[in-house]
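Encoded as structure tokens, the structure appears first; notes follow it.
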Amino acid sequence: MNDFRRSLRISDQKFGWVAVVVMAVLAVYAIVFVLERMLFLDAPFMLSNIINSGSPRIMEHRYGSVITQIWPWMGMKAGLPLIWLMHLYNGAFNVFYLVVVCLLVFRWRAYGAAVLMALYYTAMSDQAFFWTNNEIHQAVAWFFVWYGFYLYQRKRAGLRRKRFIWFGMTATIAAVTHPLMVPVLAFTWIFLLMTEGRQTGDGKVRVGLTMMIVMACCIRIWFSLRAGWYDRDKVETVKTNLLSGITEVFDKPLAAQLLHQYSHGLIVGAVLGLAGLFLLMVRRKYLLSLMYLLVIVSYHLLFLSAFDTWVDFYSQSEMMPLTIIYGLPVIRFLPEYIGSRLLFSITVIVFLIRLIMIPVASVPFTKRVSNTMSLIREMKEKNITKALIPDNKDLESIYIMTWGLPIETVLASAISGDRQRTVKPLPADKLEEAVQTPSDQFLDCFRIIPINTMNPYYFNLDSVGRYEVVRQ
């Protein structure tokens with residue numbers, strides 16, 4: 001038991017309860033902001049794909065995301081109303097996270113891991129909360145299944161054969177569910193090896209476990225390089241930018257925007273990162289300190305190479321995995337230097353502040369929903385079922401991104417009890433051409449779909465009326 005507690009450092013169950021409460025509050029937020037989340041870009045797009053295909057839709061081989069997709073799929077098979085499918089899909093994410101943190105606290109008693117998990121979903125996130133479908137969040141939950149169970153099985157009786165298999169399986173699921181788990185998983189394992197020593201097992205066991213981590217990471221890298229389109233495109237962008245020169249990458253406007261974020265919305269992450277480095281240096285873990293810095297700098301370099309501008313909901317999601325890397329040395333060593341009561345007070349205050357920031361960050365998403373409902377009312381007054389609107393800066397200032405509007409408006413009109421209506425934003429010079437779209441075709445987010453191929457139980461779009469331009 002003492003070895004196990006030393007591996008966590010935070011051994012008081014009250015810290016675990018804080019993590020459970022935090023994740024429960026996030027689950028309540030998910031219910032409160034269901035429309036803000038389910039009428040935002042990927043969520044309605046993925047839900048419509050699940051409904052129309054009649055099965056879960058795994059993108060980019062991110063297989064761990066099936067844990068959230070099976071619930072609306074089963075609801076669809078049961079013939080539940082569309083609004084209930086939206087609730088099921090919306091809740092599936094946060095219920096999954098809550099279940100994992102409960103396992104960490106009440107089954108595996110990994111209180112430090114539970115706090116670290118709660119930090120991931122709050123410390124560097126506010127607008128990211130409303131973008132449910134970035135698979136990194138599901139990958140992180142799978143990561144903590146791997147991490148928590150590993151700590152638990154090490155406490156009980158070492159690594160037996162079944163546990164060995166579970167180690168490799170959960171590590172692989174975490175890694176393949178999102179490419180950003182590769183640096184997180186790799187650094188976490190290195191951190192455990194370098195701070196826990198023989199507690200990770202004898203030499204052969206450590207080699208075997210390390211090979212499993214390497215294999216899991218290699219599978220995800222292979223998927224990103226060879227078997228997908230989105231990740232492969234990002235890899236090409238990173239390669240192109242790095243070949244143009246590392247100094248140019250750090251000279252991008254995004255670098256200044258990121259620095260600004262570290263003094264504002266990401267300040268908790270900045271404090272965690274500095275505290276982690278300080279603690280490693282104090283503990284004379286110089287090699288680990290160097291690797292810590294190397295991973296952090298490399299992660300930022302990849303981020304700056306892959307993107308050109310800061311978009312709150314998107315960029316926060318891409319930066320959130322650093323919370324785990326930042327937090328590992330803090331969770332491991334800080335309790336040795338701060339009393340339990342003070343540490344508990346700091347933990348509670350940090351979580352309270354971050355939880356308050358999520359409703360504050362809801363404003364632009366509530367504005368999107370309000371404007372969508374306004375669009376639907378305008379179409380109803382004009383007796384229009386299919387609308388085309390100019391995609392310009394004014395529209396983007398309201399919607400942040402506009403590509404999801406075709407299916408967002410279908411879902412919004414359906415759940416409001418109105419006839420199903422759809423709005424397609426297009427550049428001004430493409431509007432007249434789109435007017436000629438055949439009446440039995442639906443201009444979806446990225447393609448044209450015959451209306452008769454959509455699930456008729458849930459989607460009953462007008463197949464007679466033509467697209468009309470509004471708000472020109």
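We use all heavy atoms of the structure for the numbers below, so side chains are in, but hydrogens, waters and symmetry mates are not.
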For Phe93 and Tyr89, take the angle between the two ring planes, folded into 0 to 90°, and tell me which bin it lands in: parallel under 30, tilted 30 to 60, perpendicular over 60.
tilted
We want to know whether Tyr63 and His61 form a side-chain donor-acceptor pair, criterion being a heavy-atom distance below 3.5 angstrom.
yes
Residues Lys424 and Asp444 bridged, charged N to O under 4.0 Å
no
Is it true that Glu236 and Lys239 make a salt bridge, defined as a side-chain N closer than 4.0 Å to a carboxylate O?
yes
Checking side-chain polar atoms at under 3.5 Å, does Ser224 have a donor or acceptor matched by the opposite partner on Arg220?
yes
What I'd like to find out is whether the side chain of Phe187 reaches to under 4.5 Å of the side chain of Tyr292, using heavy atoms alone.
yes
Salt-bridge contact Arg332-Glu196 (side-chain N to carboxylate O under 4.0 Å):
yes
Determine, step by step, whether Leu290 and Leu294 satisfy the side chain to side chain contact (heavy atoms under 4.5 Å, CB included) criterion, reporting the C-alpha distance in whole Å, the side-chain angles of both residues, the deciding distance to 0.1 Å, and the verdict.
CA-CA 6 Å; Leu290 182 61; Leu294 180 62; 5.6 Å; no
Test item: Leu266 and Leu258 side chains (from C-beta on) under 4.5 Å apart, heavy atoms:
yes
Should the pair Arg37 and Phe129 be classed as cation-pi, given the thresholds of under 6.0 Å to the six-membered ring centre and 45° from the axis?
yes
Quick one: does Phe303's side chain get under 4.5 Å of Leu180's, heavy atoms only?
no
Check for me whether Lys14 meets the cation-pi criterion with Phe344, that is, NZ or CZ under 6.0 Å from the six-membered ring centre and within 45 degrees of the ring axis.
yes
Give the ring-plane orientation class for Phe313 versus Trp131, where under 30° counts as parallel, over 60° as perpendicular and anything between as tilted.
perpendicular
Answer whether the closest heavy-atom distance between the side chains of Tyr467 and Leu443 falls below 4.5 Å.
yes
Basic-acidic side-chain contact under 4.0 Å: Arg62, Asp231
yes
